[in-house]
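Each remark here refers to the structure printed beneath this line.
Protein chains get the first letters and strands the later ones, always in sequence-line order, with residue 1 at the start of each. In this text the structure is predicted, and so the values were computed from the model without any measurement.
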Protein chains: 2
Amino acid sequence: MKSKITLKDIARELEVSISTVSKALKNSEEISRDTKEKIQAFAKLYNYRPNNIAISLKNKRTKNIGVVIPDIVHHFFTTVIRGIEKYANARGYNVIVCSSDESFDREVINMEMLANGSIDGFIMSLSSETQQKNDYNHLKEVTEQGIPVVLFDRITNEVECDKVIIDDQLGAYMAAKKMIDQGRKKIGLITTADYLSVSKARTQGYRKALVEHNLDVDESRILKLSSMEMDEELIQKFFESTDIDAVLCVNEIFAVYTMRLAQKKGLRIPEDISFIGFTDGFLSQYANPSLTVIAQHGQKMGEVSAQMLIEKVESEAEEETYQTKILEPTLVVRDSTIN
Amino acid sequence: MKSKITLKDIARELEVSISTVSKALKNSEEISRDTKEKIQAFAKLYNYRPNNIAISLKNKRTKNIGVVIPDIVHHFFTTVIRGIEKYANARGYNVIVCSSDESFDREVINMEMLANGSIDGFIMSLSSETQQKNDYNHLKEVTEQGIPVVLFDRITNEVECDKVIIDDQLGAYMAAKKMIDQGRKKIGLITTADYLSVSKARTQGYRKALVEHNLDVDESRILKLSSMEMDEELIQKFFESTDIDAVLCVNEIFAVYTMRLAQKKGLRIPEDISFIGFTDGFLSQYANPSLTVIAQHGQKMGEVSAQMLIEKVESEAEEETYQTKILEPTLVVRDSTIN
DNA sequence: TTTCGCAACGAAAACGGTTTCGTGTTGATA
DNA sequence: TATCAACACGAAACCGTTTTCGTTGCGAAA
């Protein structure tokens, strides 16, 4: 077991000082050709690599990005991580991933763990519990310490920082309009509680589309499920108690699940009823019929977030200007709607 | 912007030495009650937290685990990460995630980035390119430096380290046996190239089950797709050219996709043809019909991996004993097979 | 011969902690 | 009164770098 070699080791072995070694390896002008060559050769031979931790301590830069998300087993979030990772790695940054598991406490704990020097900045999406409690002191504390934060997707106006979202309202509007244009008049919505920023925006888009097209919004056609869990019975009931010819769902699981229910009732998709969901994941692609969705472009979102964060991290300026980037959603038409 | 407070700050403010502050905050017996209380109160007031980097440098322990996986947008791997994270966080460790994107080079680069002090150990699953090249020098170098490694799922015998897998052969055997027991005699297999350790083992299990039940293995019923990508045409051809009444797939995407093809051909599932896949993910649960699968217990695998790694990291002993843990797969029966 | 400048290198501080090993002060003991 | 332990604290080394600021030695200029 050959342990890692340090500057000190090289210095001792070559009978020079540590500073000389350090400078030689950086090709400093201060050091003579001979000495540099000797040191560089030795370092190469023994495969010297500077210790990241020591460098971090010295520069007060870790080259680590902390990512805190509600759930890692979730297609949208993993695509965001992929985007973050892609951009960050190319810039020499590593990504530390923590999942809050939709819990406020775990979100706070994770941030505290990372905020004590482990990372240069945060990229995060709020847990549902946090959005429900509406308590953002952990975020404020971090930003007050000068640690940059980028919020994506599930954001809040309560904290000043950079933000990246898609235009959720527009997405829902596009979806609803698509169905209206195809002659649907009784459009249902399956969503989650309103405290989730994205669900709220999507509901607004849905309402807007209906109103603009002179359809009245029948509240009985809106089903609010708590959190992201499936409540089979509720959906079943909703589906039987109301008369609809199209359904917009705020995620793909709701959509795929409800499609199955519809099929069991003997309804043909998309002839009798059409479906549109959010999130362009595996489920939508491989569902039967495949699901028309509003794509949220998770990877792009991750890349943009990482870019904004790294810019802040690397900028010396103490500017207190924050921006919110709004990405355009896209309608991906598949077989759950008429073509 | 209130910057982080350090021991030195406290010492200066309270006119004691840094050592006294350090000891007081650790509740050392050496320090008098009065002084301790004063220091602790002050630290609490200013919300002092020790700097992780400084501690890492001192103890040569980062409390970070490096996870290198082939793909992060993949249900199985994300469940493994969830397991790792759960166990690791409970023990005060953070998880740095890097995806190799199935590329040998990226795997090497990621490991080199992390191996210079950023992490205490690796948990990883080999990229397909690495398994194909059969080159494991980057792993060997790391282990020779005394950095513990745990391999999971996609492993190799070429490197000595702890390993965690499920019994893939048994899983495939169970699946094939299930279909045989239900009277199926013409069982197909859709898999990937053999250089992937898991596919190889699953193919063996499939063969074993057939042979043991006096069915001959018809090679034309085995379809090998390159990598994890879907080749629509190939599946279509395969499906039309061979006569089968059951299909075993090495992942859920292959299975769900092929199910759709079967349905388009007018076959009823599971009456005419039955399906079993690997990986108990969303796709299997929400497919129509829902897919019977061999569950790989990703989360458990992650927890076990993390446990093994952390034990190695925290054990002083230089024992060179490595173990391979083999988890039992489970058959999850759903609607794509007869009950 | 003295002085100056420059090339080439080393000493030391700093990053923020932990820890070992003093050291000065006290009160009790012989 | 001299001795000694116990107590309470501080100095300094150390982890592995980077970087500033000397400090040499030498050749050239005066």
Side-chain angles (χ1 to χ4, degrees), chain A residues 3-40 42-43 46-64 92 113-120 145-147, chain B residues 3-40 42-43 46-64 92 115-120 145-147:
Chain A
S3 204
K4 277 261 143 183
I5 191 173
T6 70
L7 286 187
K8 193 196 275 188
D9 298 329
I10 302 183
R12 184 177 359 90
E13 218 62 32
L14 260 38
E15 295 182 311
V16 290
S17 77
I18 295 181
S19 0
T20 304
V21 179
S22 176
K23 288 169 193 163
L25 293 177
K26 305 199 100 92
N27 236 322
S28 158
E29 294 299 326
E30 253 182 284
I31 310 297
S32 72
R33 270 185 70 98
D34 287 2
T35 317
K36 276 200 282 195
E37 277 172 9
K38 191 177 61 178
I39 293 179
Q40 287 171 1
F42 190 92
Y46 286 92
N47 197 29
Y48 168 80
R49 304 267 174 235
N51 180 308
N52 290 333
I53 300 292
I55 293 181
S56 293
L57 182 59
K58 188 82 210 11
N59 331 322
K60 302 183 146 214
R61 282 280 171 81
T62 62
K63 288 240 163 194
N64 285 155
M113 270 188 83
L114 296 178
N116 302 125
S118 297
I119 51 103
D120 294 340
Q145 281 171 29
I147 303 178
Chain B
S3 205
K4 278 260 142 183
I5 191 173
T6 71
L7 284 188
K8 193 196 273 187
D9 298 330
I10 302 183
R12 182 176 3 87
E13 218 62 31
L14 260 38
E15 296 182 311
V16 290
S17 78
I18 296 181
S19 2
T20 304
V21 179
S22 175
K23 289 170 193 162
L25 292 177
K26 306 197 97 94
N27 235 322
S28 159
E29 294 298 326
E30 253 183 282
I31 310 297
S32 72
R33 272 184 67 99
D34 285 5
T35 318
K36 276 200 284 195
E37 277 172 8
K38 192 177 62 178
I39 294 178
Q40 286 170 2
F42 190 92
Y46 286 92
N47 196 29
Y48 168 79
R49 305 267 172 233
N51 180 307
N52 290 333
I53 300 292
I55 294 180
S56 293
L57 183 57
K58 184 74 192 142
N59 328 327
K60 304 182 145 213
R61 284 280 171 80
T62 61
K63 288 241 162 194
N64 285 156
N116 300 316
S118 297
I119 50 103
D120 295 340
Q145 280 172 29
I147 302 179

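For D34(B), the side chain to side chain contact (heavy atoms under 4.5 Å, CB included) criterion is met by S32(B), not counting sequence neighbours.
If you check every strand for non-hydrogen atoms under 4.0 Å, R61(A) touches nothing. Looking at heavy-atom distances under 4.0 Å, T35(B) makes contact with sugar-phosphate atoms alone, never a base.
Residue A54(B) is the one, among E30(B) and A54(B), whose nearest nucleotide of DNA chain C lies closer to the 5' end (criterion: closest heavy atom).
Rounded to whole Å, the distance from CD1 on I31(A) to C1' on dA8(C) is 7 Å. For the pair E29(A) CD and dC6(C) P, the interatomic distance rounds to 16 Å; values are reported in whole Å. In this structure, the CD1 atom of I55(A) is 13 Å from the P atom of dG16(D), given to the nearest Å. Atom CG in N51(A) sits about 9 Å away from atom C1' in dC15(D), given to the nearest Å. Going from atom CG of N116(A) over to atom C1' of dG17(C) covers 13 Å, rounded to whole Å. Taking atom NZ on K38(A) and atom P on dA8(C), their separation rounds to 14 Å, with Å as the unit. The interatomic distance linking I39(A) (CD1) with dC9(C) (P) rounds to 8 Å, in whole Å. In this structure, K58(A) atom NZ and dG17(C) atom P are separated by 16 Å, rounded to whole Å.
Under a 3.5 Å cut-off, the side chain of D9(B) and the backbone N or O of T6(B) do form a donor-acceptor pair. When atom types are taken as modelled, the side chain of N51(B) and the backbone of I53(B) share a donor-acceptor pair closer than 3.5 angstrom. The closest donor-acceptor contact from the side chain of Q40(B) to the backbone of A24(B) lies under 3.5 Å. Under a 3.5 Å cut-off, the side chain of N52(B) and the backbone N or O of M113(A) do form a donor-acceptor pair.
S19(A) and S22(A) share no donor-acceptor pair across their side chains, judged by distance under 3.5 Å alone. Donor-acceptor pairing under 3.5 Å is recorded for the side chains of N116(B) and K4(A).
Atom CD of residue Q145(A) and atom CZ of residue R49(B) lie 9.5 Å apart, to the nearest 0.5 angstrom.
Listed by residue number, V16(A), S17(A), S19(A), T20(A), K23(A) are the residues of residues 13-24 of chain A with a heavy-atom contact under 4.0 Å to DNA chain C.
Regarding contacts with the backbone of dC15(C), a side-chain N or O of K8(B) is found under 4.0 angstrom from either OP1 or OP2. Taking 4.0 angstrom as the limit, Y48(A) places none of its side-chain polar atoms (N or O) nearer than this to OP1 or OP2 of dG16(D). The side chain of K60(B) contributes an N or O atom lying less than 4.0 Å from OP1 or OP2 of dG16(D).
By the 4.5 Å heavy-atom criterion applied to side chains, K36(A) and I39(A) are not counted as neighbours.
Within the helix from dT1(C)-dA30(D) to dA30(C)-dT1(D), the inter-axis angle between the opening and closing five-pair segments is 90°, rounded to 10°.
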